[in-house]
Amino acid sequence: MVPGAEPFEPITVGIAIGAASALTGYLSYPDFYCRFVECCREEQPVNASALKLDLEEKLFGQHLAREVILKALTGFGNNRNPKKPLTLSLHGWAGTGKNFVSQIVAENLHPKGLKSNFVHLFVSTLHFPHEQEIKLYQEQLQKWIRGNVSACARSVFIFDEMDKLHRGLIDAIKPFLDYYEQVDGISYRKAIFIFLSNAGGDLITRMALDFWRAGKKREDIQLKDLESVLSLGVFNNKNSGLWHSGLIDKSLIDYFVPFLPLEYRHVKMCVRAEMKSRGFTIDEEVVTKVADEMTFFPKEEKIYSDKGCKTVQTRLDFY
Ligand SMILES: *[C@@H]1O[C@H](CO)[C@@H](O)[C@H](O)[C@H]1NC(C)=O
Ligand SMILES: *[C@@H]1O[C@H](CO)[C@@H](O)[C@H](O)[C@H]1NC(C)=O
């Protein structure tokens, strides 16, 4: 026996555990610890009803996005052994809810959402501004993703403004998105990658408009109507951030999620939700005023809000 390394007496240990349990109300050690320090809970299932509720209460006019996100995230989050990381590419005009959805996804995986240590947001024009620095950015990005995924397998990476990302940059992360069991000893299979882009917004709007002009309901647009149009459109669009990208080529993107342009009634819903979240009672007069201030297109029919719900918050400050 090594001097000084005497084992603890069983009684002392028993008392210590008893005291700890009494303090914590019989929480297990991780539960206790994770109340104070953010923990990466990579095995925690995704609460499908909470996610569904979030999407229903906060996201308007997006029946396709709602359906895909719910299916993708609960399927992935409750699979203990995914074969590749989850990769979502969200498309649509500004203000249609892409940022919102990525926030909801983040919060349903890590309660602190965008403030979590395990959620990483990259904005093209902010983090990767200079075209001549692409090599450096690629190395940085690989290092960050490697570092963060080794700290938490269920890390979330959000790439905003994909359409402003320099060509080829995104292919640096291709090895992480593939079906490999491990890359240099690290498994990326539980990570989540979300790409946000305006690219394809024109294609989505055209389809929505076709439906509208044919007198069909918006809710009748189906994912299969749009998914292939989108992936092809984005692949062939030089300014999509995914132009001729290996990510599409090799089918590494699991879901293309279309965000439809928002109508007058959806803008009103956004205003009501914003009022509610600020703790005001809903005043329909103000709701109408704010919605009326938005501009709508196309010129003749004026169906869709130019900026979606994007400026609703600042406009509401006025009243
Ligand atoms: C899941 O979410 C619902 C709705 O927010 C909540 O009532 C329920 O307790 C949650 N379930 C678990 C296991 O956390
Ligand atoms: C994780 O990513 C952030 C960028 O969001 C980066 O600053 C940080 O260095 C990364 N952590 C590791 C351990 O690589």
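Atoms within a ligand are numbered from 1 in the order they appear, just like the ligands themselves. When a residue number appears, it is its place in the shown sequence, counting from 1. Just so we're clear, the structure is a prediction, and the values are computed from it rather than from any experiment.
- Within ligand 2, the atoms closer than 4.0 Å to a non-hydrogen atom of Lys143 are 14 (O), numbered from 1 in the order shown.
- Tyr179 does not carry Lys83 over the face of its six-membered ring by the limits of under 6.0 Å from the centre and within 45° of the normal.
- With salt bridges taken as basic N to acidic carboxylate O contacts below 4.0 Å, one links Lys190 and Glu43.
- Look at Lys289 and Glu293 and you find no salt bridge, because none of the NZ, NE, NH1 or NH2 atoms lies under 4.0 Å from a carboxylate O.
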Under 3.5 Å: N or O atoms of ligand 1 paired with protein N or O:
from     : atom 1 : to    : atom 2 : distance (Å)
ligand 1 : 2 (O)  : Asn47 : OD1    : 3.3
ligand 1 : 2 (O)  : Asn47 : ND2    : 2.4
ligand 1 : 11 (N) : Asn47 : ND2    : 2.9
ligand 1 : 14 (O) : Asn47 : ND2    : 3.4

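- Salt-bridge check for Glu263 with Arg218: passed, with a basic side-chain N closer than 4.0 Å to an acidic carboxylate O.
- The aromatic rings of Phe159 and Phe128 lie parallel to each other, with less than 30° between the two planes, well short of the 60° mark.
- Using cut-offs of 30° and 60° for the angle between ring planes, the Trp144 and Phe122 rings count as parallel.
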